[in-house]
Amino acid sequence: MLHTLKAGAGKSTLIFPKNFFPIENYIAVHHDLHVRVLLIESNAKFVIVSLEMTSIQQYEIEALKELISTNINISKEQVWICVTHTFSSPHLRSINALEKDPSLKEKNDMYQKILEDCTLDALHQAIDNLQEASLGVGNGYCSVNVNRDVSTPQGWWIGMNDLGPSDKSVPIVRFDDKYHHPIAILYSYDVQSSIMDGSTLESGYKEVTSDLTGIACQMIEEQYDNCVALYVVGAAADQAPIFKTKHNIIDRFGYIHEKDIQDKGFTFVEALGEKLANQIIIANEKITTRIHDEKLDISSFNITLEGQKIPANMRDIKPTQNYVYEPDIDRSLKVEVVILNHLAIIGVTPELSSVTAETLKKKSPFPMTMVFTLVNGGSKYMSDATSYDRYTYEAMNSMYARGSAEKFINDTVKYLEERMDDK
């Protein structure tokens, strides 16, 4: 049975009222934040939501899934809520924090309403724009990321390691209308949008920004009228932008010194965002979209992994030459999978090392495999074995024990092989 592929996309800007600020030391918006929605339909429907936020609370994920599922009559399993992981956006507060400090509730409620209104607006645009589509995939290459694990006399710590593993590929999925004009461009990349992370302006305050991937999306959209560019985080646990406003410098003796160039950091945001956008546009122009029998396969499976304890306070995590990983209860990892023709997209909650996703993609039986992280929530880091050997920040700040990443690769490849056999 043939299945006609349809696609629609929408974008909405988060508009914060004046009384929303100050919040978390933010006093203004430097670059707008957006909600972007991609709706795909063939034998089934699937929705990806890309929110320009650092992270999102589970109660809001459920609220957004409910909002979407009731509006287009699909199950919550057919909706992925993703964040771009920009470090320069306000946070929704945890239920525990709201109970401890009720004064936070007014602005938290305001933020929720803005997110939900924008998501609904972008969804309605996607529904209105839903049309027959052709599909194409491709890979760009961009060098705005760098491995962030560096060796120091005290132990491995966060910096910039040009010799460390870092996947520079930019997997791209393009949906075209009947005139071969892009409806949507979905891409991923192994980088944290953290150029402005932890930096304050000369005034002592901060300004909201979508950071480099937000700028990249806007620049792509400026090149293609009525096209929505959606970014979802790749395997960025051990990856950083090549330039950061607040960053560590290693002196000639190997010791770490912190430097902050403050207001000048927005130049980095725009320059690196533009470079990423340019490389995506170059790769996108080489993609040829085709109409296939596009059967949409949406599924998931669970992996049981050994757990480890996370330090009670992240500030206790420091460079060390000796660290004892404490075992904890087993963790259940939900691996979500979307297959569309010869494209497989994997979605998980933990941040993965770049080498983990790269290995998985090479072993996958599908011609094109994308690995998304921070999908439908977040669960800290899942590091590769080398990271545990080095006592890196990511390994110490993980709820998954050594060997979890390797088991994730093996189990996921086996699952993909089974799905491939069923096609």
Side-chain angles (χ1 to χ4, degrees), residues 1-12 34-51 53 56-84 112-113 115-135 173-177 183-186 188 228-233 291-302 334-341 343-349 370-378 415-416 419 422-423:
M1 179 179 177
L2 294 177
H3 303 281
T4 301
L5 176 69
K6 294 182 178 180
K11 168 187 171 183
S12 188
H34 300 91
V35 175
R36 293 176 172 90
V37 171
L38 172 62
L39 168 61
I40 306 168
E41 180 182 307
S42 62
N43 57 301
K45 292 179 181 178
F46 176 61
V47 174
I48 294 182
V49 180
S50 175
L51 302 165
M53 300 175 67
I56 186 168
Q57 295 290 336
Q58 200 62 41
Y59 64 79
E60 186 61 10
I61 291 174
E62 291 306 312
L64 292 175
K65 279 176 170 273
E66 179 68 25
L67 185 72
I68 293 166
S69 65
T70 55
N71 267 270
I72 56 174
N73 193 28
I74 60 174
S75 74
K76 294 180 181 179
E77 293 296 308
Q78 293 166 265
V79 181
W80 285 11
I81 306 295
C82 310
V83 293
T84 65
Q112 275 188 267
K113 186 173 186 333
L115 284 170
E116 290 165 20
D117 287 349
C118 286
T119 300
L120 193 57
D121 177 37
L123 177 65
H124 283 157
Q125 291 177 42
I127 294 169
D128 292 343
N129 188 38
L130 188 66
Q131 58 193 294
E132 289 191 16
S134 54
L135 171 70
V173 183
R174 172 173 159 176
F175 298 88
D176 275 4
D177 64 20
I183 298 168
I185 294 171
L186 174 66
S188 187
V228 176
L230 298 92
Y231 168 75
V232 182
V233 186
I291 297 174
H292 301 277
D293 176 16
E294 304 289 3
K295 185 180 178 183
L296 189 57
D297 180 359
I298 305 165
S299 64
S300 65
F301 67 100
N302 291 298
K334 184 177 183 179
V335 181
E336 305 194 62
V337 181
V338 170
I339 297 170
L340 191 59
N341 200 274
L343 166 68
I345 306 177
I346 312 300
V348 292
T349 55
M370 301 175 78
V371 180
F372 293 171
T373 64
L374 298 178
V375 173
N376 292 325
Y415 184 82
L416 291 177
R419 304 308 286 190
D422 292 339
K423 283 179 68 67

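Computed from a predicted structure; not experimentally measured.
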Report the C-alpha separation of D177 and F175 in whole Å, then their side-chain angles, then the decisive distance to 0.1 Å, and conclude whether the side-chain contact (heavy atoms from CB on, under 4.5 Å) test is met. CA-CA 7 Å; D177 64 20; F175 298 88; over 6 Å; no
Run L51 and I56 through side-chain contact (heavy atoms from CB on, under 4.5 Å) and show every step you take. CA-CA 9 Å; L51 302 165; I56 186 168; 3.6 Å; yes
Before you tell me yes or no, could you show the steps for M53 and L115 under side-chain contact (heavy atoms from CB on, under 4.5 Å), namely the whole-Å CA-CA distance, both residues' side-chain angles and the distance that decides it to 0.1 Å? CA-CA 10 Å; M53 300 175 67; L115 284 170; 3.7 Å; yes
side-chain contact (heavy atoms from CB on, under 4.5 Å) assessment of L230 paired with I185: CA-CA 6 Å; L230 298 92; I185 294 171; over 6 Å; no
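Shown here are the salt bridge (Lys or Arg N to Asp or Glu O under 4.0 Å) partners of K6, two or more places apart in sequence or in another chain: there are none. Remark: E116 engages E60, A63, L64, L67, Q112 in a side-chain contact (heavy atoms from CB on, under 4.5 Å) (not counting sequence neighbours). Residues passing the salt bridge (Lys or Arg N to Asp or Glu O under 4.0 Å) test with E132, sequence neighbours excluded: none. Listed by chain and residue number, I339, F366, T369, L416 satisfy the side-chain contact (heavy atoms from CB on, under 4.5 Å) test with A344 (two or more places apart in sequence, or in another chain). Qualifying salt bridge (Lys or Arg N to Asp or Glu O under 4.0 Å) partners for K45, counting only residues two or more places apart in sequence or in other chains: E41. Partners of D117 under the salt bridge (Lys or Arg N to Asp or Glu O under 4.0 Å) rule, at least two apart in sequence or in another chain, are K113.
Side-chain atoms of V37 and I48, non-hydrogen and from C-beta on, never get closer than 4.5 Å to each other. Using a 4.5 Å cut-off on side-chain heavy atoms (C-beta onward), V49 and K65 make no contact. Put simply, the side chain of I346 reaches to within 4.5 Å of the side chain of V335, judged on heavy atoms. Between S300 and E77 the shortest side-chain heavy-atom distance falls below 4.5 Å. Counting heavy atoms from C-beta on, the side chains of V47 and Q78 never come closer than 4.5 Å. Between N341 and K295 there is no side-chain heavy-atom pair separated by less than 4.5 Å. With a 4.5 Å cut-off on side-chain heavy atoms, T70 and E66 count as touching. Between V83 and V232 there is no side-chain heavy-atom pair separated by less than 4.5 Å.
Considering all non-hydrogen atoms of both residues, A9 and A184 come closest at CB-CB, 4.0 Å.
F46 CZ to W80 CH2: the interatomic distance, rounded to the nearest 0.5 Å, is 4.5 Å. Distance check, rounded to the nearest 0.5 Å: OG of S188 to CG of L186 gives 8.0 Å. Atom OG1 of T119 sits about 11.0 Å away from atom NE2 of H124, to the nearest 0.5 Å. Here I183 contributes atom CD1 and I40 contributes atom CD1; the two are 10.5 Å apart, rounded to the nearest 0.5 Å. Annotation: the span from F372 atom CZ to C82 atom SG amounts to 7.0 Å, rounded to 0.5 Å.
Relative orientation of the Y415 and F301 rings is parallel, given thresholds of 30° and 60° on the angle between their planes.
Judged by distance alone, the side chain of Q125 and the main-chain N or O of L123 form no donor-acceptor pair under 3.5 Å. For the pair T349 (side chain) and G377 (backbone), a donor-acceptor distance under 3.5 Å is absent. With hydrogens and angles ignored, the 3.5 Å screen pairs no side-chain donor or acceptor of E62 with any backbone N or O of Y59. Side chain of R36 to main chain of A229: a donor-acceptor pair is present (N/O by atom type, distance under 3.5 Å, no hydrogens or angles). Side-chain atoms of N43 come within 3.5 Å of backbone N or O of L296 as a donor-acceptor pair.
With respect to R174 and D176, a salt bridge is recorded, a charged nitrogen being found less than 4.0 Å from a carboxylate O.
The environment of N73 atom CG is sparse: at most 12 non-hydrogen atoms of other residues, nucleotides or ligands sit within 6.0 angstrom.
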